[in-house]
Visitor: 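After the C-alpha cells below, expect a handful of questions from me.
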Amino acid sequence: MKTEWSYPIHRLRRLRRTESIRSMVRETTLTVDNLMAPIFVREGIDNVEPIESMPGIFRYPVDKVNDAIARMQKSGIKSFLLFGVPRTKDALGTQAYSENGVIVRAIERIKKEYPAVILAADVCLCEYTSHGHCGIVKNGSVDNDLTLPLLAKAAVSYAQAGADIVAPSAMMDHQVGTIRNALDDSDLKDCLIMGYSAKFASCFYGPFREAAGSRPEFGDREGYQMDFRNPKQAMREIATDINEGADIVMVKPALAYLDIIYQASKRFDVPIAAYNVSGEYSMLKAAAANGWLDEKKAIVETTMAIRRAGAGIVISYFAEQLAKWIGGVE
Ligand code: PBG
C-alpha cells in the first residue's frame, strides 16, 4: 500500500553529503586562539617530572619552563595558565605572595624570552598552605576576610612580574573586587582578571591535587566551592564577579557542566572560559590507553562540545595535542 505523505521529505542529508559541504555549514569551530594550556612549575627540582595521574603532563623546574613554552608556542598556542608548587608550605601560604616565589620567578623568566605570550597566573593558596586549604584556617574553617588581602597580595606580585591575567580560584567572596582594587592601587590597571566564577566542589580535581600537592589535610572544600546541584547560584556567582570587575568569567569543570557554560554564554556579555579539568583529562586518557576510546576523536568531540556550549576560551591539558591536529601535524 502506498503511503500518502502530507508533507515534503526534508532532505537534511543534503547538508552532509560531502566533506566540503559539511565543513561549509559547520556551526562550531576550534582554533589555537581558543586554547589556553595549564603549566605546572615546581620549585626545588632539577628535572622535568611526569605527573603519574596525568599521562603526558609534567612539572617543570623554573629554569626549564621555557622549554614547555617554546614547544607549545611552536604548535601555535599563545596563552598559558601557570600553577606553582613551592618548596616549603606554611599555614599562611606565604610562598604564594612572596617576592621571590616560584610563580613570580616563572613569569619573569617566560616574559623575558617570550614577551608576546599571554600569561595567566592562578591565584589561590591551596598549593602553598601546609593544610592544603584555599585560605587562612581559623577555628577549623577557612576565614573569608582574612584570606582576601593575601590573595590580593599574590595577584599584585604576579601582575608586577608581568602576568597579563590573574585568575583567582579560591572561591572567597569578594576576591575579584579586592584584587581589582589592589591592582588599581598598584598602578596595574591593565591586568585582566579571569574569575574562577562558577567553580564547583568536584571530584574531577583529583589528579590536579596530586600534581600540585594541594589535597586538603582535613575536611573538604564544600564550604567555599559550589554545590554542583546549583545552576542558579552559579549565575549569581558569575554576575557578582562581573560586577566586581572580572573581565573574563570561568566555569569549572567543563564536561559535566555544559549546561552552566551554555546558560552563562546566553546570559552574560563577557568572554566565557571553561576549564576542562584534570580528572576529565585523565579519564579520557585512561580509556584511550586501554583502547576503549579513539583518543583523537574523543578529545576533539569533547572539546567541540565545550565550544558548542558557548565557551570562547577552553583551558585544556589537551591544548598541545589539539594544536598539533589543528595545524595538521600528527
Ligand atoms: C586551585 C585550583 C584547583 C584547580 C585549579 N585551581 C584545585 C582545587 O580547587 O582543588 C583544579 C584544576 C584541575 O583539576 O585541573 N584552587
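Just follow the structure's listing: the first ligand is 1, and inside any ligand the first atom is 1.
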Visitor: Who gets closest to atom 12 (C) of ligand 1 by heavy atom: Phe200, Phe204, Phe208?
Guide: Phe208
Visitor: Check each heavy atom of Cys124 against ligand 1 and say whether those closer than 4.0 Å belong to the side chain, the backbone, both or neither.
Guide: side chain
Visitor: Taking only heavy atoms of Cys126 into account, list the atoms of ligand 1 that are under 4.0 Å away from them.
Guide: 1 (C), 16 (N)
Visitor: Please confirm whether Lys199 makes a cation-pi placement over Tyr205, using NZ or CZ under 6.0 Å from the six-membered ring centre and within 45° of the ring normal.
Guide: yes
Visitor: Looking at side-chain heavy atoms only, is the closest gap between Cys134 and Tyr224 below 4.5 Å?
Guide: yes
Visitor: So is Gln225 touching ligand 1 or not, going by heavy atoms under 4.0 Å?
Guide: yes
Visitor: Are there more than 12 heavy atoms of other residues, nucleotides or ligands under 6.0 Å from atom CD of Glu301?
Guide: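 No, CD of Glu301 has 12 or fewer neighbouring heavy atoms, counting only those of other groups under 6.0 Å.
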Visitor: Is it true that Phe208 and Phe83 have ring centroids separated by less than 6.0 Å?
Guide: yes
Visitor: Does Lys199 come within less than 4.0 angstrom of ligand 1, counting non-hydrogen atoms of the residue?
Guide: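 So Lys199 counts as touching ligand 1.
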Visitor: Determine, using heavy atoms of Tyr317 and all atoms of ligand 1, whether some pair is separated by less than 4.0 Å.
Guide: yes
Visitor: Look at atom 14 (O) of ligand 1 and say which protein heavy atom is nearest, naming residue and atom and giving the distance to 0.1 Å.
Guide: Ser278 OG, 2.7 Å
Visitor: Decide whether His133 and Thr129 meet the rule of one side-chain donor and one side-chain acceptor closer than 3.5 Å.
Guide: no
Visitor: Is the distance between the ring centroids of Tyr257 and Phe200 under 6.0 Å?
Guide: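 Aromatic pair counts; centres sit under 6.0 Å.
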Visitor: Using a strict cut-off of 4.0 Å, indicate which atoms of ligand 1 neighbour a heavy atom of Ser169.
Guide: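 Going through ligand 1 atom by atom, the ones under 4.0 Å from Ser169 are 1 (C), 2 (C), 6 (N), 16 (N).
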Visitor: For Lys252, counting its heavy atoms only, list the atoms of ligand 1 lying under 4.0 Å from any of them.
Guide: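 Once the distances to Lys252 are compared, the set is 2 (C), 3 (C), 4 (C), 5 (C), 6 (N), 11 (C), 12 (C).
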Visitor: Does a side chain donor of either Asp90 or Ser130 reach within less than 3.5 Å of an acceptor in the other side chain?
Guide: no
Visitor: Would you mind listing which atoms of ligand 1 come within a distance below 4.0 Å of any non-hydrogen atom of Tyr275?
Guide: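 Those qualifying, in numeric order: 12 (C), 15 (O).
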Visitor: Regarding Tyr196 and Asp122, is there a side-chain donor-to-acceptor distance under 3.5 Å anywhere?
Guide: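 Their side chains do contain a donor-acceptor pair, which is all the 3.5 Å distance test asks for.
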Visitor: Of all the heavy atoms in Arg221, does at least one lie under 4.0 Å from an atom in ligand 1?
Guide: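 The answer is yes, since Arg221 has a heavy atom less than 4.0 Å from ligand 1.
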